[in-house]
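Down below is the structure, laid out as structure tokens.
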Amino acid sequence: MLVLTATGFGWAMFRPGGGGTSTADVIGSGFNAPDGATDILLIGNDSRNDSFGNPLPEEVLRELRTTQEGGDLTDAMILVRIPNGGGSASAMSFPRDTLVDVGLGLGKTKLTETMNNGMSAERAKLKKEGVTDEKEIATQSRLAGKQLLRKTIEDITGVSIDHYAEVNLLGFSEITKAIGGVEVCLNNATKDRLSGADFPKGVQTIEGADALAFVRQRHGLINELSRGKRQQVFMSSLAHKVMSTGTLTNPAKLTELINAIKSSVTLDPALANDLLGFAQQMQGIAGGDVQFYTAPVHLVGPSGKEDVTINIPEVRQFAANLLLSPQEREQKMAAQQARAEISVSVYNASGVSGLAARVLDEVSALGFKAGGSSNADSMANSVVYFAAGEEEAAKQVAEALGGLPTETSANVQSGSVQVYLGKDYKGPGAQNFAGPRTVRLDGVRQMPPLHTQTDVNEQPITADGVPCVD
């Protein structure tokens with residue numbers, strides 16, 4: 001949708017009256033961007049229906065290597081943030097198995113099930129109210145499911161979503177065919193009977209059912225984050241191809257692309273009615289200015305059976321940081337990578353049992369390298385000691401712990417600091433303290449040792465090339 005609407009051709013052929021585009025009033029109030037950005041929720045739905053709710057024929061399902069079994073599970077959920085004024089765009093993807101509370105009394109459920117849960121709740125509500133028209137029930141239930149997913153993403157990110165676009169299995173396949181395939185690169189050969197993925201190692205161009213298998217494969221990958229990375233590199237490559245090969249300025253190619261989109265994409269009415277305005281906003285955004293990130297999540301549990309969990313304040317800060325310029329983001333990442341080089345040891349001189357270990361967990365969670373923790377002789381006041389010439393490192397630690405004083409010490413080795421917790425200590429780790437958590441833009445914050453996770457300490461994926469993935 002981002003690359004399509006970046007041209008007047010796209011609007012002219014896709015405008016209202018130009019060919020029966022499916023719409024759903026998921027947003028309700030229409031365009032509204034009070035948070036400094038135009039925010040678009042992009043959904044990849046594994047529905048076996050077309051965008052108008054009609055079941056896909058059996059021969060089409062066979063071509064897509066799937067069956068009628070399945071439902072409105074959302075395999076891909078991506079929040080695109082375009083700062084007011086344009087110039088860049090950032091995409092934040094959410095692993096489908098992320099555990100969330102959608103407010104239906106179900107406790108925490110997987111994000112991918114949100115649309116289905118919303119549909120079921122609305123269906124039960126309508127029947128209780130006496131509605132008997134199955135078509136009306138189906139229409140209202142589908143809309144309620146989409147709206148619940150939108151609200152859930154808004155709740156966990158703190159973002160006001162302005163537009164909604166959803167593509168189904170058939171649409172994904174047809175769109176990749178329309179542009180002549182998408183180039184991807186694998187570090188290793190892979191084969192998965194369930195998804196139909198069967199790809200050699202190296203660079204290759206895929207389309208149709210093969211493209212669908214590439215982004216849907218789950219078995220044989222390390223975890224759900226690996227699948228999300230597949231989706232990100234595929235989208236970046238698709239955007240790169242469309243923006244760099246003249247698709248948007250070639251009427252014949254564009255016609256084929258738009259025809260594929262019309263039959264398979266659902267838009268909110270405001271976006272469908274003002275694609276020209278959106279196109280004007282998107283003009284001038286080059287491939288390198290579209291960056292793809294994974295939402296900050298934590299994998300808890302044994303490898304292969306992890307629960308995908310989130311910390312909502314952390315996700316909200318991450319979403320806000322996406323409005324920074326690429327240069328500002330790089331500076332933040334560089335500063336946080338520098339933290340990882342600082343070894344912090346904590347000494348408990350307060351007399352409070354277990355305080356040093358708790359504080360060490362806190363500084364580790366903030367990105368610092370964990371040294372050790374132990375008890376020390378009683379002290380009235382807390383202090384952070386540092387080696388000569390390394391005051392800046394000590395200041396970072398001191399600030400993270402609530403603004404402790406710092407002092408140089410000949411007993412501290414270069415590259416490390418020593419934190420002494422006195423009787424006055426009230427910072428992170430102390431009882432009833434809830435300090436702010438610093439967010440790492442690499443997508444995964446360090447967690448205490450009991451939490452198993454995958455650390456994705458790397459640069460964001462952009463639409464400026466074709467990175468290789470597992």
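Every value quoted in this text rests on a predicted model; they were computed, and no experiment measured them.
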With Ala398, which residues qualify under side chain to side chain contact (heavy atoms under 4.5 Å, CB included), at least two apart? Val384, Leu404, Thr406
Are Leu149 and Ile43 close enough that some pair of their side-chain heavy atoms sits under 4.5 Å apart? yes
Among residues at least two apart in sequence or on other chains, which ones pass side chain to side chain donor-acceptor pair (under 3.5 Å) with Thr152? none
Checking Ala320 now: which residues fulfil side chain to side chain contact (heavy atoms under 4.5 Å, CB included) with it, not counting sequence neighbours? Gln317
Rounded to the nearest 0.5 angstrom, the OG1-CZ distance for Thr190 and Phe199 is 8.0 Å
Qualifying residues under side chain to side chain donor-acceptor pair (under 3.5 Å), relative to Asp155, sequence neighbours excluded: Lys151
Rounded at 0.5 Å granularity, tell me how far CG in Leu421 sits from CZ in Arg358. 10.0 Å
Check: Gln147 side chain, Asp25 main-chain N or O, donor-acceptor pair, under 3.5 Å: yes
Any side-chain to backbone donor/acceptor pair from Asp210 onto Ile206? Under 3.5 Å, distance only. no
Tell me, please, which residues at least two apart from Tyr420 pass ring-ring contact (aromatic ring centres under 6.0 Å, His included). Tyr347, Tyr385
Partners of Asp307 by salt bridge (charged side-chain N to carboxylate O under 4.0 Å, His left out), sequence neighbours excluded? none
For Gly354 and Asn348, which heavy atoms make the closest approach, and how far apart are they? N-ND2, 4.2 Å
Between Tyr293 and Pro296 (side chain of the first, backbone of the second, donor and acceptor by atom type, cut-off under 3.5 Å), is there such a pair? no
Below 4.5 Å, heavy atoms only, C-beta onward: do Ile161 and Ile40 meet side chain to side chain? no
Residues in salt bridge (charged side-chain N to carboxylate O under 4.0 Å, His left out) contact with Glu399, at least two apart in sequence or another chain: none
I'd like to check the salt bridge (charged side-chain N to carboxylate O under 4.0 Å, His left out) partners of Lys108; sequence neighbours left out, ordered by chain and number. none
Rounded to the nearest 0.5 Å, what separation is found between the CZ atom of Arg316 and the CG atom of Asn321? 14.5 Å
Just by distance, do the side chain of Arg81 and the backbone of Ala319 share a donor-acceptor pair under 3.5 Å? yes
Verify, without hydrogens or angle tests, whether Thr309 (side chain) and His298 (backbone) share a donor-acceptor contact under 3.5 angstrom. yes
My understanding is that only residues two or more places apart in sequence, or in another chain, count here; which of them pass side chain to side chain donor-acceptor pair (under 3.5 Å) with Thr114? none
Pairwise distance CD(Glu154) to OG(Ser160) - rounded to 0.5 angstrom: 5.5 Å
Just to verify, what does Tyr164 make a ring-ring contact (aromatic ring centres under 6.0 Å, His included) with, not counting sequence neighbours? none
By side chain to side chain contact (heavy atoms under 4.5 Å, CB included) - contacts of Ser343 (at least two apart): Lys369, Ser416
State which residues pass side chain to side chain donor-acceptor pair (under 3.5 Å) with Asp424; sequence neighbours excluded, sorted by chain then number. Ser382
Backbone N/O of Ile153 and side chain of Thr157: donor-acceptor pair under 3.5 Å: yes
Ignoring hydrogens and angles, tell me if any N or O in the side chain of Thr176 forms a donor-acceptor pair with the backbone of Gly208 under 3.5 Å. yes
CD on Glu166 to OG1 on Thr266, rounded to 0.5 Å: 5.0 Å
Does any non-hydrogen side-chain atom of His163 lie less than 4.5 Å from one of Thr38? yes
